[in-house]
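Quick notes on the structure that follows.
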Amino acid sequence: MSGTTVLRRAGLGLAVVLVIALVVATVATFTFVRRPLPDHGGTASLPGLGSAVEVIRDERGIPHLYADTATDLFMAQGYVHAQDRFFEMDYRRHLTAGRLAELVGPDESAITADQVIRTMGWRRVAEQEWDLLEPETRTYLTAYADGVNAYLAERSPSSLALEYTVLGLQVEVEDIEPWHPVDSLAWLKAMAWDLVGNYGDELERAAAYGQTGDVDMVAQLFPEYPAERNLPILPTAAETEANAQLAADADDTANTGTDADASSPGGASGTEVFTTDATAALESTLSALAAVPHPLGSGDGIGSNSWVVSGEHTESGLPLLANDPHLSPSVPGIWYQAGLHCRSTGPECPFDVSGFTFAGMPGVIIGHNADLSWGLTNLTADTSDFFLERTYPDGTYLYDGGRERLTERVETIEVNGGEPIELTIRSTEHGPIVSDVLTSTREAGQMPLPEISPPPGSGGFAVALSWTALEPGRTMDAVFAINTSSDSDDIAAAAALFEVPTQNIVFATTAGDIGYQAPGRIPVREEEVRDAVVPSDGSWPRPGWHPRYDWQGYLDPADLPSALNPDSGVIVAANQPVLTPERYPDFGSDFAYGYRAQQIYDRISAMVETGPVGVEDMALIQADETDPAAEMLVPVLREIEFADEDFADSELDAEFVNEALELFEDWDHVNDTDSAAAAYFASVWTNLLRLTFWDQLPADHRPSGGSRWIEAVRGLLADEDSPWWDDRATLNVVEQRDEILGEALIDARVQLTVSLGKDPQDWRWGGVHTLTPTHEVLGGDAAPAIVADYMNLPDAGLGGGPSIVNANGWRADAWTEGYPDFAVTAVPSMRMVVDLADLDASTWVNLTGSSGHRASGHYGDQYEAWAAGETYPWPFSRSAVEAAEQQRLTLQP
């Protein structure tokens, strides 16, 4: 269950009570709503400051902070974050500590989330990180916490956020506990979890093999990366040349298949591991992990676009940098825009930085300073592995031919309004056993199994998680190091500290350099395992009883890929591989398949051929809505012909389907909001995935429709007799490709007739592809309409889609009452374009607004511009900030 769903369910009863309060006490409720609004002007006391701090806000309430020392700066940032977003911060710290039930009460989904997060031990790891950090980092974190606590002092919960007033109608809301510096560190674990690499792919390989028993069929679902068609981040000259040749010969390359990935269990030995019982343990693990809230989002839609263009291609002669992280939509949005400025930069106060921050954490995560701008995208390197453990009733597990004792610890989950829950957490040397968390998973782990290796005996399977984020690290040091970087050497030094999550860093400097750096703690796996029962590359769950499958250490940061001023003058990082897996296998093999990246690269290439590019051109690329799935599939769909005899046993006729198929004749494959063809194609695509794969995959692993599925279908199109095309439900018929394609066209026509009307010309993609930024507590579907309408932002019909540059994603495996659900599940959570020639000419926009208070005018004041693909000026210099000033708050010692 998603993170937003956890609190929505908990808030249902609260919302009902709130409706009554609204009816019988309108005036009082209005007071509750407005009471938490902070003062953004005048003067306020902030004990502990060394000197006054100015907080200058523009018309959208975005603050720029000016201080004399770094401790004053971060104390003020904590104060300002608490002013605008404290409930969000409090929710995040309860989440990361496994304490949601303390906040929302005896809600089953909250309790389950707490159990899984406690099992992984996010907060425990964050506490261990404290002593590893640089002294100045600990000072900054402490100052930030002091600023938060200064705002909390002498304020009741109802004065901090409306949510506490509503929660207090059902559970006990005591005085808010002080903010602790480790609360900020723990948020890094949630961030890392949502951006972890391929754990879902590992489980899906095992599940698909358990369902089909066919190695080759599984391999078709995980094709090799098409490096010549979609360039990696750092392509070779040969790959670039081959890519250019393919573009020139585009007509000859339509619908070509790709070779299947060989990373699948070999021969009969693979079946020894993925028995029915082992597969059951893995599936139960997936159920447990699905209970973890994902505040940033999860699945195929979670990624980002970023790119840099060197000055040789720009109007100004200096670089441009663009970034737009793709995360789950929410209100308030994930990001909080801010500027952090030392009045005089130097060793005591080295910060002059502006960009996007996380409420609850000091510093800037993505943005620019006076010398350098940086963007982040998810590297998706393989930083986690599941280990199948052979456990025994006496509390031991099989390892290296002997028996090792499981370690255990007991934690207590406090439940607001309920009885405490004791949780026993077991671990092996590979990590916590995540399959223990739910009752059903424990039962799955106790099934009797055939012997796999000595010693003799009987036991069950359990699943342990090895993940780099479960070891303490220094990522918080890296945040401050990036904030003060000025060149490629600084970025490389910061990247060596940026251990989790693994991110692609693209950067550009006011000196004219552009570059790329891969950071991250990357496990080293033994390349060749003798008598391997599964591949040793991390793409499949690993046998925990064989020491040769253990991690061998970590890659040296100095050996991670980087680039400075490539000859092309362009670097595009959009979750595709940095280098092809064949050239650099240490990162794994599970990446986005490069469709967004190639579209960005092609658009930039076309623009620079006609002249230099500017900030507006970068914004146009961010709004690109070309659908690569349509480019691949529509030419094949147009070859399908329907005649009336095809509908002899149906109430339909050929004309009914053909008039929808005609939408594809002149379509440019662009998923804009008003496109009828885009609506039809999305429905056809969803039905095609259903008809092809649902009968042969477990329900939890149905195709989501992302880039891997585009590449998999591309390969199947060249194999008309693939067993994937056959519908196993029709026992006496073996379906082939064109039969499934035809059925998808028919089903889509019928479904859209119901949802959008009989005339295909009246269909609109934005009519079904809609976004509703939803409040975490009071905005869910179960809440009374009057409450949800107030707390949520309005519906917006959007263009774009998964694997599209304007990545307003939806999930092809989401169906409601027999119909596809095209609701937007991932969005470009912000957009920025930085002009290194004139930082004040840069642009930015956030999904919602700066405030988390519904009564504030800044709750959603950027939403309309964001939905329209528009951006706002981004003032950075003191003169530009003062020119945009609307309010000024002075924080006094």
Side-chain angles (χ1 to χ4, degrees), residues 197-198 200-202 204-205 208 218-235 239-240 242-243 246-247 250 253-263 299-307 326 377-382 504 537 539 572-585 587-602 624 626-633 669 671 685 688-689 692-693 703-718 724 800-807 809-813 826:
N198 76 329
D201 292 326
E202 278 189 40
E204 187 170 327
R205 284 184 176 93
V218 175
Q220 286 180 307
L221 303 184
F222 295 88
E224 290 182 355
Y225 184 79
E228 293 184 351
R229 185 174 357 100
N230 297 337
L231 290 175
I233 297 173
L234 303 179
E239 288 167 347
T240 301
N243 179 268
L246 279 177
T253 61
N255 311 313
T256 56
T258 58
D259 295 331
D261 191 342
S263 59
D300 281 340
I302 304 307
S304 304
N305 302 320
S306 67
W307 66 88
H326 308 152
T377 63
N378 201 13
L379 177 59
T380 65
D382 189 355
N504 298 300
D537 61 0
S539 59
V572 180
N575 313 119
Q576 83 274 36
V578 183
L579 309 169
T580 57
E582 293 77 14
R583 285 195 288 137
Y584 201 89
F587 282 173
S589 58
D590 295 315
F591 301 89
Y593 277 74
Y595 290 103
R596 284 181 286 112
Q598 191 61 43
Q599 180 67 9
I600 293 166
Y601 188 86
D602 289 345
D624 188 284
T626 305
D627 189 339
E631 291 183 315
M632 174 266 296
L633 188 57
H669 309 133
N671 283 8
W685 175 245
L688 173 62
L689 296 175
T692 306
F693 299 108
S704 61
S707 64
R708 177 165 62 83
W709 294 102
I710 298 175
E711 197 64 20
V713 170
R714 182 187 294 274
L716 292 180
L717 291 176
W724 284 113
S803 302
I804 292 173
V805 177
N806 189 18
W810 52 275
R811 294 189 61 89
D813 56 351

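What you see is a predicted model; the values in this text were computed from it and never measured.
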Heavy-atom side-chain contact between P232 and L579 under 4.5 Å = no
Any Lys/Arg nitrogen of E711 or R708 sitting under 4.0 Å from an Asp/Glu carboxylate oxygen of the other?
-> no
Quick one: list whatever passes side-chain hydrogen bond (donor to acceptor under 3.5 Å, both in side chains) with Q599, sequence neighbours left out.
-> D624, T626
Distance (rounded to the nearest 0.5 Å) between D627 CG and L633 CG = 9.5 Å
Do N671 and N806 have side chains that get closer than 4.5 Å, going by heavy atoms?
-> no
Closest heavy-atom contact between T377 and A573?
-> CG2-O, 3.2 Å
For I804 and G800 the tightest heavy-atom approach is CD1-C, 3.7 Å
Heavy atoms of A807 and R596 approach each other most closely as CB-CD, 4.5 Å
Hey, is the main chain of S304 close enough, under 3.5 Å, to the side chain of N575 for a donor-acceptor pair?
-> yes
Nearest atoms (heavy-atom pairs only) where A227 meets T580 = CB-CG2, 3.3 Å
Residues which pass ring-ring contact (aromatic ring centres under 6.0 Å, His included) with F587, listed by chain and number, not counting sequence neighbours | Y584
Evaluate side chain to side chain contact (heavy atoms under 4.5 Å, CB included) for V713 paired with T692, printing each intermediate quantity in order.
-> CA-CA 9 Å; V713 170; T692 306; over 6 Å; no
Give the intermediate values and the outcome of side chain to side chain contact (heavy atoms under 4.5 Å, CB included) for residues I710 and W685.
-> CA-CA 10 Å; I710 298 175; W685 175 245; 3.9 Å; yes
What residues, two or more places apart in sequence or in another chain, satisfy ring-ring contact (aromatic ring centres under 6.0 Å, His included) together with F693?
-> W709, W724
Can you check whether V805's main-chain N or O pairs, donor with acceptor, with N305's side chain at less than 3.5 Å?
-> yes
Return yes if a side-chain donor-acceptor contact under 3.5 Å exists between H326 and N378, otherwise no.
-> no
Might you point out which heavy atoms bring Y595 and P628 nearest each other, and give the distance in Å?
-> CD2-CB, 3.5 Å
Closest non-hydrogen contact found for Q576 with Y225 is CB-OH, 3.4 Å
Full working for side chain to side chain contact (heavy atoms under 4.5 Å, CB included) between V572 and L231 | CA-CA 9 Å; V572 180; L231 290 175; over 6 Å; no
Between D382 and D590, does a side chain to side chain contact (heavy atoms under 4.5 Å, CB included) hold up when you go through it step by step?
-> CA-CA 8 Å; D382 189 355; D590 295 315; 5.5 Å; no
CD1-CG distance between I233 and L379, expressed to the nearest 0.5 angstrom | 7.0 Å
Does N230 use its side chain to pair, donor to acceptor, with the backbone of Y593 at less than 3.5 Å?
-> yes
Under 3.5 Å, is there a donor-acceptor pair between the D602 and Q598 side chains?
-> yes
Backbone of S803 reached by a side-chain donor or acceptor of S707 within 3.5 Å | no
